[in-house]
Number of protein chains: 2
Amino acid sequence: IIKLKKVSQHYKMGDSVVYALSEVDLDIYSGELTALVGPSGSGKSTLLNVVGGLTKPTMGDVFIYDTNVKDYSENQMCLFRREHIGFIFQSFNLNPTLTALENVTMPLIFARVDSKDREKMANDALDLVGLSDRKDHKPGELSGGQQQRVSVARAIVNKPKIILCDEPTGNLDTKTGKEILELIKEMNRVNQITFIIVTHDINVANQCQRKISLQDGKIFNDERN
Amino acid sequence: IIKLKKVSQHYKMGDSVVYALSEVDLDIYSGELTALVGPSGSGKSTLLNVVGGLTKPTMGDVFIYDTNVKDYSENQMCLFRREHIGFIFQSFNLNPTLTALENVTMPLIFARVDSKDREKMANDALDLVGLSDRKDHKPGELSGGQQQRVSVARAIVNKPKIILCDEPTGNLDTKTGKEILELIKEMNRVNQITFIIVTHDINVANQCQRKISLQDGKIFNDERN
Ligand SMILES: Nc1ncnc2c1ncn2[C@@H]1O[C@H](COP(=O)(O)OP(=O)(O)OP(=O)(O)O)[C@@H](O)[C@H]1O
Ligand SMILES: Nc1ncnc2c1ncn2[C@@H]1O[C@H](COP(=O)(O)OP(=O)(O)OP(=O)(O)O)[C@@H](O)[C@H]1O
Ligand SMILES: [Mg+2]
Ligand SMILES: [Mg+2]
């Protein structure tokens with residue numbers, strides 16, 4: 001459902017160039033649970049942003065459901081993303097002026113979900129990540145791992161078809177991290193949601209059906225369990 | 001060298017109260033390498049902020065080098081921290097308008113280090129965390145793990161006596177995380193720097209001499225290897 005063809009991403013820094021991604025070919029199939037691993041700085045977040053349409057690569061083509069992302073305008077891409085793609089960011093990106101509940105409700109407002117359904121869905125999502133007792137806290141009144149979990153709840157609340165997770169358990173203790181991974185595996189199994197999970201945790205990677213390894217902006221391994 | 005006596009920290013939220021820390025007694029000795037573990041939301045970051053004088057607890061006393069922190073003015077505490085305490089924050093807290101090198105140089109400017117020494121010391125610190133080739137990048141031009149490593153370099157550059165690390169390897173792959181931990185262990189051994197490391201990584205905790213476990217704002221275990 002997502003196809004990358006010869007995708008490259010580079011940044012000019014004064015006289016030198018940084019190649020974040022080099023000629024990446026990638027096919028993601030519907031319903032897959034895929035881990036994306038690799039050293040710090042190898043291009044994982046960049047690849048995830050390209051897959052999710054947040055970054056237009058400097059070269060190459062990205063197809064989502066067979067449509068070339070180049071043919072979408074900024075607005076169309078934005079609307080498409082809101083409907084089909086959930087994102088868990090490496091630095092959470094929560095709105096600091098809104099409470100946890102309000103942050104989780106945002107995708108439902110964009111999707112024009114009815115206001116009486118919205119409250120139940122947002123509360124359910126917060127409950128699934130164990131934060132019902134923190135729903136009125138703003139991000140600044142939450143611990144790092146709690147902010148991470150609000151960001152997970154926000155990504156899943158509208159059950160999008162594709163969820164892209166940039167290190168979703170990096171700030172969580174082992175037990176809480178396992179609970180979040182179980183939640184992801186269940187949504188993959190029950191709702192057939194496609195997941196790409198960037199992770200540094202080998203335990204998380206080993207529980208995914210497919211593991212893509214990145215190094216210096218290139219895919220050098222792609223194995224299935 | 002750092003002593004907490006019956007320290008409590010609570011936050012009022014509307015009609016309810018959140019107890020982030022409850023009557024914590026803690027003695028930290030010079031030269032110790034201590035891990036601080038516990039579930040997400042258990043109070044680790046709050047405890048680290050109190051130890052480092054960044055948060056004045058709602059109750060209890062904090063002594064650093066036998067002086068009660070209450071007796072310091074805001075300014076005195078600030079000067080004291082700059083000279084004696086290095087901090088690696090859970091969300092890095094880098095200055096987004098400065099390059100990696102400039103961020104790492106800041107503590108040296110505050111410590112009135114001579115400008116020709118500053119450049120060498122900052123470059124050495126970036127080299128120790130493997131980021132010499134990224135020194136002119138601003139935080140927005142760095143990966144998550146690279147930002148984390150700049151924040152490590154900034155905390156160690158002036159070799160403070162005490163370094164407080166809030167999950168210093170959370171965004172790093174296993175190999176890079178090991179390198180950072182080796183760096184910490186070496187500075188503890190060679191320079192006798194006191195470290196308190198909040199971590200969710202059991203491998204990191206097992207390599208420390210002392211392990212304090214927190215749960216619901218209370219210390220329930222304190223063991224030495
Ligand atoms: N300003 C605040 N107002 C209200 N509650 C707060 C505030 N800051 C922190 N808390 C609460 O205090 C508790 C402890 O927070 P703390 O950040 O110390 O946890 P932590 O152990 O570092 O967690 P993590 O491992 O997730 O980073 C959390 O339950 C959090 O919701
Ligand atoms: N705006 C930018 N300008 C210049 N270089 C950049 C920019 N953004 C990212 N980079 C570089 O691109 C490379 C890949 O970055 P990316 O964030 O994708 O890495 P990552 O694999 O997610 O790393 P981590 O595991 O540390 O999060 C890094 O070496 C980084 O320094
Ligand atoms: Mg990243
Ligand atoms: Mg914390």
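Note on naming: letters A, B, ... go to the chains in the order of the sequence lines (proteins, then strands), and numbering restarts at 1 for each one.
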Carboxylate-amine/guanidinium contact K5(B) D61(B), below 4.0 Å: no
Salt bridge present between K185(A) and E182(A) (N-O < 4.0 angstrom): yes
Q147(B), part contacting chain A, at a heavy-atom distance under 4.5 Å: neither
Residue S143(B) versus chain A: region with a heavy atom under 4.5 Å: side chain
CD/Q209(B): more than 12 non-hydrogen atoms of other groups inside 6.0 Å: yes
Closest-packed option against chain A by number of heavy-atom pairs under 4.5 Å, given L142(B), T46(B), D133(B), N171(B): N171(B)
Largest heavy-atom contact set with chain A, pairs under 4.5 Å, which of T174(B), T199(B), D201(B), V18(B): V18(B)
Passing candidate, side-chain contact (heavy atoms from CB on, under 4.5 Å) with F87(A), options L48(A), I162(A), I163(A): L48(A)
Could you check which of [options] has the highest count of heavy-atom pairs closer than 4.5 Å to chain B?
options                           : result
G41(A), S42(A), S91(A)            : G41(A)
G170(A), G43(A), G130(A)          : G170(A)
R149(A), K175(A), M13(A), R134(A) : M13(A)

Interchain contact, E167(A) with chain B, by part (heavy-atom threshold 4.5 Å): side chain
Chain B contact via V37(A) - side chain, backbone, both or neither, heavy atoms under 4.5 Å: neither
Steps toward side chain to side chain contact (heavy atoms under 4.5 Å, CB included) verdict (D166(B), I88(B)): CA-CA 6 Å; D166(B) 204 340; I88(B) 298 171; 6.0 Å; no
Note, K135(B) side chain near V104(B) side chain (heavy atom, < 4.5 Å): no
Non-hydrogen side-chain atoms of P96(A) and K138(A) separated by less than 4.5 Å: no
